[in-house]
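Notes follow the structure.
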Amino acid sequence: MLIGAVSDSHDNIVLIEKAIKTLNDLNVSLVLHAGDYVSPFTIARFKELNCALIGVFGNNDGDHQLLTKKFGETTNCTIHNHFAQIALEGYRIALLHGDETELLNALIESGYFNAVIHGHTHNKGVHRKGKTLVINPGELCGYLTGKPSLAVLDTEKNEAIIIEF
């Protein structure tokens, strides 16, 4: 199964739309968003995904109530608070923004999850800690690094790649 991972979209509609096109072209089965949508108006764009999106809040997501309302106006998008545990065909994924570093490190160190997906730092990367694949898709917005990116996780191979725009 191919799973798209994005984080830190920060209202950048142009790059959100580019990411959606890329993920649809790759025919991913699910998209996970590790937070920092920032403004609720961006959520409607994710309706264009050909699959479901599961998201969590980030530290820059101020109006949780309105964001939750906007998620509720979609048929393919759901939002969790600050953490989501996703199990797909026996493959366990932890999804969080990553600004709570003690929690992030505990999830990685636990060895319970096949993959831990987080954002927050805006620095893309994929590495292993024991049997756990740690994925930071980087910043979708491109504001800090100038290199917008997302990740694609292959659960069968237990590998992930970073795609830069």
Side-chain angles (χ1 to χ4, degrees), residues 1-13 15-20 22-23 26 28-40 42-43 45-46 49 51-64 67-68 70-71 74 76-88 91-110 112-129 132-145 147-155 159-165:
M1 179 182 292
L2 291 181
I3 298 173
V6 297
S7 186
D8 299 282
S9 47
H10 289 269
D11 295 347
N12 192 323
I13 295 297
L15 290 172
I16 289 170
E17 289 173 349
K18 191 169 187 174
I20 290 167
T22 299
L23 293 164
L26 290 169
V28 298
S29 299
L30 175 68
V31 174
L32 302 177
H33 194 307
D36 276 3
Y37 315 88
V38 180
S39 293
T42 62
I43 305 309
R45 297 293 203 255
F46 291 105
L49 283 167
C51 64
L53 178 140
I54 298 172
V56 294
F57 290 120
N59 63 306
N60 284 301
D61 293 324
D63 193 341
H64 289 200
L67 279 163
T68 300
K70 291 298 180 183
F71 268 87
T74 70
N76 63 326
C77 302
T78 57
I79 185 77
H80 294 256
N81 197 4
H82 294 285
F83 173 75
Q85 178 174 272
I86 298 106
L88 304 163
Y91 194 90
R92 293 186 303 264
I93 302 169
L95 176 66
L96 70 164
H97 186 58
D99 55 314
E100 298 176 52
T101 54
E102 192 172 348
L103 174 59
L104 174 63
N105 291 333
L107 291 168
I108 294 168
E109 295 287 335
S110 75
Y112 178 76
F113 295 98
N114 298 95
V116 174
I117 297 174
H118 71 95
H120 183 62
T121 66
H122 292 238
N123 297 315
K124 63 188 172 298
V126 177
H127 71 277
R128 290 190 193 281
K129 178 70 174 178
T132 302
L133 190 61
V134 182
I135 304 164
N136 184 332
E139 59 174 1
L140 183 55
C141 64
Y143 295 152
L144 295 183
T145 67
K147 297 178 181 176
S149 60
L150 58 82
V152 177
L153 167 64
D154 184 327
T155 60
E159 297 175 351
I161 60 167
I162 301 290
I163 297 174
E164 289 186 6
F165 300 128

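Each of Val126, Leu2, Leu133, Asn114 was compared with Leu153 under the side chain to side chain contact (heavy atoms under 4.5 Å, CB included) criterion, and only Leu133 meets it.
Of the possible donor and acceptor atoms, none in the side chain of Asp154 sits under 3.5 Å from a partner among the backbone N and O of Glu159. Thr132 places a side-chain N or O within 3.5 Å of a backbone atom of Phe113 that can act as its donor or acceptor partner. At least one donor-acceptor pair closer than 3.5 Å links the side chain of Asn136 to the backbone N or O of Gly138. Checked by atom type and distance alone, the side chain of Asp61 pairs as donor or acceptor with a backbone atom of Val38 at under 3.5 Å. Side chain of Ser149 to main chain of Ile162: no donor-acceptor pair is present (N/O by atom type, distance under 3.5 Å, no hydrogens or angles).
Aromatic ring orientation, Phe46 versus Tyr37: perpendicular (interplanar angle above 60°, classes split at 30° and 60°).
Going from atom NE2 of His118 over to atom CG of Leu103 covers 11.5 Å, rounded to the nearest 0.5 Å. How far CD1 of Ile16 is from CZ of Arg45: 8.0 Å, rounded to the nearest 0.5 Å. Summarising the geometry, atom CD1 belonging to Ile135 is positioned 4.5 Å from atom CD1 belonging to Ile117; distances are rounded to the nearest 0.5 Å. Considering NE2 of His33 and CG of Leu150, their distance stands at 10.5 Å, rounded to 0.5 Å. Considering CG of Leu15 and CG of Asp8, their distance stands at 12.5 Å, rounded to 0.5 Å. In this structure, CE in Met1 is found 5.5 Å from OG1 in Thr155, a value given to the nearest 0.5 Å.
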Open item on the list: Assess the residue pair Ile3 and Ile93 against the criterion (side-chain contact (heavy atoms from CB on, under 4.5 Å)); give the C-alpha distance rounded to whole Å, side-chain angles, the decisive distance to 0.1 Å, and a yes or no.
Closed with: CA-CA 11 Å; Ile3 298 173; Ile93 302 169; 3.7 Å; yes
Open item on the list: Apply side-chain contact (heavy atoms from CB on, under 4.5 Å) to residues Ile163 and Leu26 and explain how you reach the verdict.
Closed with: CA-CA 11 Å; Ile163 297 174; Leu26 290 169; 3.7 Å; yes
Task: Intermediate values then yes/no, side-chain contact (heavy atoms from CB on, under 4.5 Å), Cys77 and Lys70 - done: CA-CA 9 Å; Cys77 302; Lys70 291 298 180 183; over 6 Å; no
- [ ] Give the intermediate values and the outcome of side-chain contact (heavy atoms from CB on, under 4.5 Å) for residues Glu139 and Thr121.
- [x] CA-CA 8 Å; Glu139 59 174 1; Thr121 66; over 6 Å; no
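Residues Ala34 and Gly119 share a closest heavy-atom pair of CB-N, 3.8 Å. The shortest non-hydrogen separation linking Ala151 to Pro137 is N-CB, 3.7 Å. Of all the heavy atoms in Phe83 and Ala94, the pair that sits closest is CE1-CB, 3.8 Å. Heavy atoms only, all atoms of each residue included: His10 and Asn60 are closest at CE1-ND2, 3.5 Å. Here the closest non-hydrogen pair linking Cys51 and Val31 is SG-CG2, 3.8 Å. The two atoms that bring His122 and Thr145 nearest to each other are O-CG2, 3.4 Å, heavy atoms only.
Within the structure, salt bridge (Lys or Arg N to Asp or Glu O under 4.0 Å) contacts touching residues 92-106 (residues at least two apart or in different chains) do not occur. Pairs of residues two or more places apart, or lying in two chains, that qualify as salt bridge (Lys or Arg N to Asp or Glu O under 4.0 Å) and include a residue from residues 114-125 are Lys124-Glu164.
Side-chain atoms of Ile79 and Leu67, non-hydrogen and from C-beta on, never get closer than 4.5 Å to each other. In this structure the side chain of Leu140 never reaches within 4.5 angstrom of the side chain of Asn12, judged on heavy atoms. Side-chain contact between Ser7 and His120: absent, with no pair of heavy atoms (C-beta onward) separated by less than 4.5 Å.
Residues that satisfy the ring pair (Phe, Tyr, Trp, His ring centres under 6.0 Å) test with His64, not counting sequence neighbours, are Phe57, His82.
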